[in-house]
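Here the structure is laid out as structure tokens; the discussion comes afterwards.
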Amino acid sequence: MKTVFYSATTLDGYIADENDSLDWLFVQDQDEGGPLNYGDFIKDVGAICMGATTYQWILDHNARTGEAWAYEQPSWVFTHREFAPQEGVTFTADDVKDVHAEMATAAGGKDVWVVGGGDLAGQFADAGLLDELILYIAPVTLGAGRPLFPRRRDLVLLELAQNKAFACARYSVGPARA
Ligand SMILES: NC(=O)c1ccc[n+]([C@@H]2O[C@H](COP(=O)([O-])OP(=O)(O)OC[C@H]3O[C@@H](n4cnc5c(N)ncnc54)[C@H](OP(=O)(O)O)[C@@H]3O)[C@@H](O)[C@H]2O)c1
């Protein structure tokens, strides 16, 4: 079982622009069966979590497009806000260590996916609970936006490949500097 932050990012380290838009991402060309692809990744995921802004983005997106909640896995949303109850989703402001233990149990040996944002992934890393980053790096810079991983950490590059427009990289998260 691994805990993984799997995300797309701009080359300059933003996962969304300042208005939480992903329009820079959806125009990029990719092969859905290519290296480190989402379909293969999600098959091994048994529980997911995200921050409130990401959850709100999904709610807004689904309201606009008519799409349904995409995740079969039990999901946790870190928030202090009041959201309408949703089946399969637990809203929490508990310590990431406690929530991670719940997620690991629910995942039943499969992986835990930290969807984002970057600071939430950083909180898992701070607690020593983040194993890997898998990044789809889009050939675009934004200059500002929601940060990918606002921490100072050393990573180890485990895998590197091209998927059409994207540089795809898998890193292990080393221990925090003393
Ligand atoms: N490029 C990609 O693949 C990708 C992936 C994921 C997300 N995104 C996008 O990137 C943006 C991410 O936004 P973001 O960086 O602001 O982060 P976020 O993690 O989605 O949301 C941040 C919010 O989560 C809540 N939160 C975080 N840690 C918490 C904790 N320990 N306990 C309780 N609540 C906690 C807080 O909300 P409260 O206000 O409730 O306190 C905080 O303001 C979104 O637009 C999302 O759609 C892109």
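Whatever order the structure lists ligands and atoms in, that order sets their numbers, starting from 1.
For ligand 1, none of its N or O atoms has an N or O atom of Ala93 under 3.5 Å away. On a distance-only criterion, Ala8 and ligand 1 share at least one N/O pair closer than 3.5 Å. At a 3.5 angstrom cut-off on N or O pairs, Arg146 does not count as close to ligand 1. Polar contact with ligand 1: present for His80 (N/O pair, distance under 3.5 Å). Checked against a 3.5 angstrom limit, the closest N/O atoms of Thr92 and ligand 1 fall outside it. Residue-to-ligand polar distances place Gln123 within reach of ligand 1: an N/O pair is separated by less than 3.5 Å.
Residue, atom and distance of the protein heavy atom nearest to atom 2 (C) of ligand 1 are Ser7 OG, 3.3 Å. Of all protein heavy atoms, the one closest to atom 39 (O) of ligand 1 is Arg81 NE, 2.9 Å. The protein non-hydrogen atom at the shortest distance from atom 29 (C) of ligand 1 is Phe78 CB, 3.7 Å. Considering only non-hydrogen protein atoms, atom 14 (P) of ligand 1 sits nearest to Thr53 CB, 4.2 Å.
The atoms of ligand 1 that sit less than 4.0 Å from any heavy atom of Gly116 are 19 (O). Near Gly117, the atoms of ligand 1 lying under 4.0 angstrom from a non-hydrogen atom of the residue are 15 (O), 17 (O), 18 (P), 19 (O), 20 (O). Of all atoms in ligand 1, numbered sequentially from 1 with element shown, those under 4.0 Å from a heavy atom of Asp20 are 11 (C), 44 (C), 45 (O). Within ligand 1, the atoms closer than 4.0 Å to a non-hydrogen atom of Ala16 are 9 (C), 10 (O), 11 (C), 45 (O), numbered from 1 in the order shown.
The residue from Val114, Leu148, Thr79 that puts a heavy atom closest to atom 40 (O) of ligand 1 is Thr79. Across the listed options Cys49, Ala52, Ser21, Ala52 owns the non-hydrogen atom lying nearest to atom 37 (O) of ligand 1. In this comparison of Thr54, Val99, Ile15, Thr10, the heavy atom closest to atom 46 (C) of ligand 1 sits on Thr54.
Protein non-hydrogen atoms do not reach within 4.0 Å of atom 42 (C) of ligand 1.
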Inset, instruction - Any chance you could lay out the side-chain contact (heavy atoms from CB on, under 4.5 Å) test for Phe149 and Asp119, step after step, and finish with the verdict? - result: CA-CA 6 Å; Phe149 194 65; Asp119 182 68; over 6 Å; no

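Of the inter-residue distances, the one linking Asp111 atom CG with Ile42 atom CD1 reads 10.0 Å to the nearest 0.5 angstrom. Between the CZ atom of Phe124 and the OG1 atom of Thr3 there is a distance of 7.5 Å, given to the nearest 0.5 Å. In this structure, CG on Leu157 lies 9.5 Å from CZ on Arg170, to the nearest 0.5 angstrom. Between Met50 atom CE and Trp76 atom CH2 the span is 11.5 Å, to the nearest 0.5 Å.
The closest side-chain heavy-atom distance from Val112 to Ile48 is not below 4.5 Å.
Taking the six-membered ring where the residue is Trp, Phe166 and Tyr136 present tilted rings, their angle falling between 30° and 60°. Between Phe26 and His61, the ring planes lie tilted relative to each other; the angle falls in the 30° to 60° range.
Between Val115 and ligand 1 there is a heavy-atom distance shorter than 4.0 Å.
Heavy atoms of Trp57 found under 4.0 angstrom from ligand 1 belong exclusively to the side chain.
In this structure, Lys2 does not pair ionically with Asp44, as no charged nitrogen and carboxylate oxygen lie closer than 4.0 Å.
The closest side-chain donor-acceptor pair between Tyr38 and Gln30, if any, does not fall under 3.5 angstrom. Residues Asp12 and Thr10 bring a donor and an acceptor atom of their side chains to less than 3.5 Å of each other.
Counting non-hydrogen atoms of other residues, nucleotides and ligands closer than 6.0 Å to CD of Glu32 gives a total of 12 or fewer.
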